[in-house]
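Written out below as structure tokens is the structure these notes cover.
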There are 2 protein chains.
Amino acid sequence: MNENVVLTPERILEATEDVLRRFGLAKATVVDVARALDVSHGSVYRHFPSKASLREAVAKRWLDRVDVPLREIAEGSGPATARLERWLRALFAAKYKRVCEDPEMFATYLTLARDACAAVKAHKDGLVDQIAHILSDGVKEGAFDVGDVKATARAVFDATIRFHHPAHSEEWCDPATPARIDAVLTLLFKGLEAPRKR
Amino acid sequence: MNENVVLTPERILEATEDVLRRFGLAKATVVDVARALDVSHGSVYRHFPSKASLREAVAKRWLDRVDVPLREIAEGSGPATARLERWLRALFAAKYKRVCEDPEMFATYLTLARDACAAVKAHKDGLVDQIAHILSDGVKEGAFDVGDVKATARAVFDATIRFHHPAHSEEWCDPATPARIDAVLTLLFKGLEAPRKR
């Protein structure tokens, strides 16, 4: 056993992803993860005291990978209208890419996420906060006319759910999807925009 | 056997619903339906030549029960803005009522609908046509400013999917749902409305 290499949580999570990819969720065990890292399963349990806590950490890491690049867009500069459109399209593209490029791992993560309710809720709330951040900027700029920023941010999230919620992923490959995204965004941006000054 | 009573498709569908309710989808058979009607199973097959065609007819009947009262609203009179809001809220309420009042039958119908793709597609297209009908009226009235009526009708349907698609039904009981519906409708109606004349 190779107990000399420093065993970080990040290394364990990477190895777990690998093991999940090779064996599938039903068959993967903590012993497989330890074997892949060439350590004892006790070493893995020192970082993740249960299989459930390891699974939750894997789900959280997966959600964070969507979150981080979006946060960069939300907290970036430039006009709020263009930024919100870029943010929404990046969200749809990130979800689409995951489903279409690696449907098996997507199904695995989806099952993990179902048990990691707290992590999923935090993920969704974080995304709504990012939308609220862009909306606030837009109100300051005079581009958006929004009464309740938080409620409207959630409305933007809810109104685009068909294009980012995994329950609808089977419909994303439909060739009509890009036009349907455009139509929803047109309607929403018209709903957000401040009346033009004449 | 009681072969004297006139056996209509409607009577068979009613009996099938009853049988599904009593035995569940997995156990219900055409023989059970025939027994409930006190006829031979051959009599049932004369109207529905296969179990699949009977199942599809049950799914269609279920979808029609949402469709018909909505059509009355869509084709009714009165200002288009109020009519569209009434229509959308009636759609959400109809779906909510089905899930919450009879979750077992809802699950049964959902499984039936999954195999009845053509009937579901026709149902959805019909609902979008009803929205388009109200939008056209609103454009004539000068209340709505809509470029492409058909695409916008689909956008209204897509943007409210969280409140009418069964994939989201588990979230409908959340006490925050009514406020979230209001926030989405506010945004959409602002997106539809024609600029005020000054």
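Quick caveat, the model's predicted, so the values are computed rather than measured.
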Shortest non-hydrogen separation from A/Glu193 to B/Lys190 and the atoms involved: O-NZ, 3.1 Å
Heavy-atom closest contact (A/Ala183 atom, B/Ala151 atom, distance): CB-O, 3.8 Å
Test applied, side-chain contact (heavy atoms from CB on, under 4.5 Å); reference residue, B/Leu187; option that passes from A/Val146, A/Leu192, A/Leu187: A/Leu192
Do A/Ile12 and A/Leu20 belong to the same hydrophobic cluster, where Ile, Leu, Val, Met, Phe, Trp and Tyr are linked whenever their side-chain heavy atoms lie under 4.5 Å apart, directly or via other members? yes
Indicate if A/Tyr45 and A/Val58 have the same hydrophobic cluster label, given that clusters are the connected sets of ILVMFWY residues with side-chain heavy-atom separations under 4.5 angstrom. yes
Chain A neighbours within residues 153-168 of chain B, where any heavy atom lies under 4.5 Å away: B/Arg154, B/Ala155, B/Val156, B/Asp158, B/Ala159, B/Ile161, B/Arg162, B/Phe163, B/His165, B/Ala167, B/His168
Tell me whether B/Arg35 at atom CZ has more than 12 heavy atoms from other residues, nucleotides or ligands lying less than 6.0 Å away. no
Under a 4.5 Å side-chain heavy-atom rule over Ile, Leu, Val, Met, Phe, Trp and Tyr, are A/Phe106 and A/Leu25 clustered together? yes
Okay, A/Asp182 and chain B: the region with an atom under 4.5 Å from a heavy atom over there is neither
Please check if the number of heavy atoms outside A/Lys95 that lie under 6.0 Å from its NZ is greater than 12. yes
Does B/Leu185 belong to the same Ile/Leu/Val/Met/Phe/Trp/Tyr cluster as A/Phe144, with side-chain heavy atoms less than 4.5 Å apart forming each link? yes
Hydrophobic cluster identity match, A/Phe23 and A/Leu54, side-chain contacts under 4.5 Å: yes
Heavy-atom neighbours of A/Glu104 CD exceed 12 at 6.0 Å: no
